[in-house]
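Report on the following structure.
Quick caveat: nothing in here was measured; it's all calculated off a predicted structure.
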2 protein chains.
Amino acid sequence: MSNRSQSSERTRASAPAERATIGLVAKTAGVSRATVSRVMNGNPRVAPELAQRVRLAAEELGYAPSPVARSLALGRTGIIAMLVPDLGNPMFQGVLHGLTDAAAKENYRLLVADSNENLHEEPVLATEARRRCDGLVLCAPRMPDEQLLELTPQLEPFVLINRELPETSTPSLTIDFAAGIRDLVTHLLSLGHRRLAYLAGPDTSASNRARVRALHKAAQDTFELVEVACGATFADGHAVADQLTDLNVTAVVAYNDLVAFGTLSRLHELGINVPSQMSIVGFDDIPFVRYTTPPLTTASVPMDQLGPQAWQRLWALMNGEAPEKNVRVRPRLEVRGSTGPAPR
Amino acid sequence: MSNRSQSSERTRASAPAERATIGLVAKTAGVSRATVSRVMNGNPRVAPELAQRVRLAAEELGYAPSPVARSLALGRTGIIAMLVPDLGNPMFQGVLHGLTDAAAKENYRLLVADSNENLHEEPVLATEARRRCDGLVLCAPRMPDEQLLELTPQLEPFVLINRELPETSTPSLTIDFAAGIRDLVTHLLSLGHRRLAYLAGPDTSASNRARVRALHKAAQDTFELVEVACGATFADGHAVADQLTDLNVTAVVAYNDLVAFGTLSRLHELGINVPSQMSIVGFDDIPFVRYTTPPLTTASVPMDQLGPQAWQRLWALMNGEAPEKNVRVRPRLEVRGSTGPAPR
DNA sequence: TTGTATGCGTTATCAC
DNA sequence: GTGATAACGCATACAA
C-alpha cells in the first residue's frame with residue numbers, strides 16, 4: 001500500500017505537499033495523539049496551556065483532520081447525498097437549495113449526483129453515493145418499483161421526493177399531481193376547451209404516469225385527450241410543437257414548465273398566438289415562467305418546502321426515528337396569460 | 001468509539017441492517033481477509049474455487065467494500081469535486097455534464113457543491129470538498145486572488161474554470177471575454193449603435209471585471225457606455241430592465257444570457273420592441289436562448305469542451321504531470337434576432 | 001497461491 | 001487531565 005512516496009517522485013512542478021497527520025502534530029507539540037484529537041474537537045477538559053501548544057503546532061504544520069479517517073473512526077461522514085435525474089430542471093435546483101440550507105444547520109453537507117436521465121446509471125450512482133455518506137435523498141428516481149424495492153436495504157436511510165414506494169416504510173414527499181392536473185383541466189374546461197393535447201414526459205417518470213392517469217380519469221365524457229410523446233426539457237417542448245397544429249386541439253397540457261416554455265417559444269415562431277389560438281399550461285411553477293410571454297398558467301408546487309421537509313425526515317431516520325410515511329403537497333393553480341377562451 | 005450498537009437499540013421500524021465487513025465474508029467463506037480483498041478487486045491469481053466461495057459468501061451477506069475504509073487504505077478516493085457559484089446557471093451545468101462523462105471514463109465520480117454565490121462559504125466548501133476527494137475543479141470562484149492563492153496548497157491538485165490565478169502553476173480554462181465583448185460591440189457599432197448600457201454581473205465575479213475592462217477599452221471615442229449594476233440571473237435581468245428606458249441607450253450588453261433573457265422578457269412586457277427599439281446581446285449561448293423571442297444574439301462559448309478539457313488537466317495533475325498553465329477559448333459571435341439597426 | 005501482519009489517520013476506552 | 005491502545009474496514013508487503 002501507500003506508494004505515495006513513489007508518486008511524489010514523479011515529474012511534477014509543485015511541491016511534495018505531504019499532509020500533516022495527527023501524529024506529527026502530537027510529536028511537534030510534545031503531547032499524545034489523543035490530546036491533539038481532543039483539542040481539534042473542542043473538548044473543554046484539556047489544560048489551556050497544552051491546548052495552545054497543540055493549536056500552534058497544528059497551525060504551523062497546516063494540519064487539518066482527515067475527513068476520511070474521521071469518517072471511518074466515527075462510523076459517520078457528516079454528508080448526505082441527493083440524486084436527481086436532471087440538474088438542469090429548476091425544480092430540482094429548488095429542492096437542492098432548500099436541502100443544502102436545512103442540512104447545513106445540522107452541520108451536514110450535501111453531495112449532488114446527476115444521473116442525467118440515464119436509467120442504468122441510476123442504481124449504481126445511488127448505491128455508490130449512499131455508501132459514501134450517511135443518508136440519501138432520491139429525487140424522482142426513474143428506476144422501476146421492484147428495483148428500488150430491492151435496493152432499499154442498501155440505500156437506507158433515504159427519503160423519496162416526487163415518488164412513493166409502496167410496501168415499505170420509506171418516507172416520501174410527493175406532489176398531488178392528480179389534484180394539480182384536475183385544477184388545470186377544470187380551468188381549461190371552464191374556458192371552453194374540449195380537445196386537449198398532453199405532452200408526455202419520460203415514460204420512466206412515475207410522476208408522468210400519475211399525470212396521465214389523472215388526465216384520463218378527468219377526460220371521461222368531458223373532453224378529448226391526445227397524448228403526444230415529448231420529454232422533460234425545453235428542447236423537447238420546442239421540438240414537439242410542430243406536431244400540435246395537425247392535432248386539432250385548442251389547449252396543451254405540458255409535462256412540466258420547461259416543456260411548456262419550449263412549446264410556447266416554438267408556437268410563437270410558428271406565428272400561432274397564445275392564448276388566442278392555443279392555450280397552454282405547465283406544471284411546477286419554476287422561477288421564470290411568470291416572466292415568459294405570455295406568462296405561463298401552471299400548477300404551482302411549493303418547491304421551497306420540499307428541501308427542508310426532506311431533510312427533516314432524513315434527519316429523523318438517521319436518528320432511528322420513524323417519520324410519517326408519505327406527505328403529499330397540493331399544488332396551487334396559478335392562472336396567468338397563457339390560457340384563454342377556446343377559439344371559435 | 002463505535003456506539004453503533006447503542007443507536008441500533010433505539011426506536012426504529014426498520015431492521016438493524018449491520019453491514020457485512022470483509023472479515024465476516026472471510027470467515028463465512030473460510031478464507032483470509034486478504035483473499036477476499038483480492039477477489040473483490042479482481043486479482044486473477046486466486047484459485048477459482050476459492051474465488052467462487054468468496055463471491056458466494058459476499059453475495060449471500062450482501063457485502064460490498066466500504067469506500068471510506070478503501071479510501072483510507074489506498075490514499076485515494078476515486079472522486080473529484082466541482083464547486084460552482086450557482087448551479088442554476090446552464091453554463092455550469094454544461095461543464096458539469098462534460099466533466100461527469102470525462103471523469104467516468106477513468107472510473108472517477110463527480111461530487112458537486114454549490115456555494116450559491118455565498119462568498120464566505122466558498123473557501124470552506126472548497127477546502128472541505130477537496131479533503132474528501134482527489135482533485136478539484138473550481139468554476140468561476142468568487143473569492144479574491146489573495147485568498148485563492150493562500151488556499152492553493154490545500155486545494156491542489158485543482159483546475160480553474162473561468163478564472164486565472166497569476167503567479168502559480170495552477171492550470172486554468174478561461175474564456176476570452178475581451179474578444180467576445182469586442183465582437184459583440186463591433187457588431188452593435190456596425191448597426192449604428194452609439195450609446196450602450198452594460199448590465200453588470202456580480203462584482204465578485206472576475207469575468208465581470210474582464211468584461212468591464214474590455215468594454216471600457218472598446219468605448220474609447222467610439223461610443224458611450226453606461227454601466228448598470230445588475231446580477232447574474234434571469235430575475236436580475238428582469239428587474240433591471242425598467243431602468244433602461246431612462247438611459248437613452250439603443251443597445252444593451254448583458255453580463256450573460258440569463259440576464260439578457262430576463263431583460264428581454266421585461267422589455268416585452270413594457271411594450272418595448274426588440275430589436276427595433278432596443279437591441280440586446282448576451283454572453284455564453286446557453287441552450288435555449290436560440291429559442292427566445294426574438295432569438296438572442298450572443299457570444300457563444302464552446303461549453304461542451306470545458307468539462308473534458310478540465311478533466312484532462314486535472315487528470316494530468318493527479319498523475320504528477322504539469323499541463324499547460326492556461327488555455328483561453330475564444331467565443332464565437334452568434335448573430336440572431338435580438339440585434340438590429342439603431343433606431344432613428 | 002494463500003495467509004499473516006502492518007499501516008492508512010482518526011476517535012474512544014480505559015487506565016493512570 | 002493525559003497518554004497508551006484498540007478499534008474502524010480495507011489493501012498490501014512479505015513470508016510461507
Per Leu72(B) side chain, nearest of listed nucleotides dG1(D), dG9(D), dT11(C):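 The closest nucleotide is dG9(D).
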
Side chain of Arg70(B) - closest among dA6(D), dC10(D), dG9(D):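 From the listed options, dC10(D) comes nearest.
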
Round to the nearest Å and state the distance from [X] atom [atom1] to [N] atom [atom2].
X: Lys27(A); N: dT2(D); atom1: NZ; atom2: C1'; answer: 20 Å
X: Arg45(A); N: dG3(D); atom1: CZ; atom2: P; answer: 15 Å
X: Ile22(B); N: dT6(C); atom1: CD1; atom2: P; answer: 18 Å
X: Arg76(A); N: dT11(C); atom1: CZ; atom2: C1'; answer: 12 Å

Salt bridge (charged side-chain N to carboxylate O under 4.0 Å, His left out) evaluation trace for Arg132(A) with Glu128(A): CA-CA 7 Å; Arg132(A) 296 189 174 279; Glu128(A) 210 161 296; 5.1 Å; no

Runs of at least three Watson-Crick or G-U pairs with DNA chain C, cut-off 3.5 Å: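 Stem list for DNA chain C: C:3-16 with D:1-14.
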
Is the side chain of [X] donor-acceptor paired with the backbone N or O of [Y] at a distance under 3.5 Å, no angle test?
X: Asn319(B); Y: Glu321(B); value: no
X: Asn41(A); Y: Asn43(A); value: no
X: Thr35(B); Y: Val31(B); value: no

Selection: residues 34-44 of chain B, any non-hydrogen atom under 4.0 Å of DNA chain D: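 Residues of residues 34-44 of chain B under 4.0 Å from DNA chain D: Ala34(B), Ser37(B), Arg38(B), Asn41(B).
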
From CA spacing to verdict: salt bridge (charged side-chain N to carboxylate O under 4.0 Å, His left out), Arg313(A), Glu324(A): CA-CA 8 Å; Arg313(A) 279 161 185 72; Glu324(A) 44 194 335; 3.0 Å; yes

Option passing side-chain hydrogen bond (donor to acceptor under 3.5 Å, both in side chains) with Arg142(A) (candidates Glu122(A), Glu117(A), Glu121(A)):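 By the side-chain hydrogen bond (donor to acceptor under 3.5 Å, both in side chains) criterion, Arg142(A) pairs with just one of Glu122(A), Glu117(A), Glu121(A): Glu117(A).
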
5' priority, DNA chain C, between Arg33(B) and Arg131(B) [closest heavy atom]: Arg33(B)

Ala51(A) versus Val39(A), closest heavy-atom pair with distance: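 Between these two residues, the closest heavy atoms are CA-CG2, 3.9 Å.
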
Exercise: identify the closest heavy-atom pair between Leu149(A) and Glu167(A): CD2-OE1, 4.5 Å

side-chain contact (heavy atoms from CB on, under 4.5 Å) partner of Arg163(A), chosen from Thr174(A), Leu148(A), Thr170(A), Leu173(A):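 Of the listed residues Thr174(A), Leu148(A), Thr170(A), Leu173(A), the side-chain contact (heavy atoms from CB on, under 4.5 Å) partner of Arg163(A) is Leu148(A).
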
Close approaches to DNA chain C from residues 47-67 of chain B, in residue order (heavy atom, under 4.0 Å):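 Per residue number, the list reads Ala47(B), Leu50(B).
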
Parallel, tilted or perpendicular, as decided by the 30° and 60° cut-offs, for the rings of Tyr108(A) and Trp311(A): tilted

C1'-based separation of dT12(D) from dA16(D) [nearest Å]: 16 Å

Touch class at under 4.0 angstrom, heavy-atom based, for Val68(B) against every strand present: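 Touches nothing.
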
Check: Gln93(A) and Asn89(A) side chains under 4.5 Å, non-hydrogen atoms: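 Not touching, per the 4.5 Å side-chain cut-off.
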
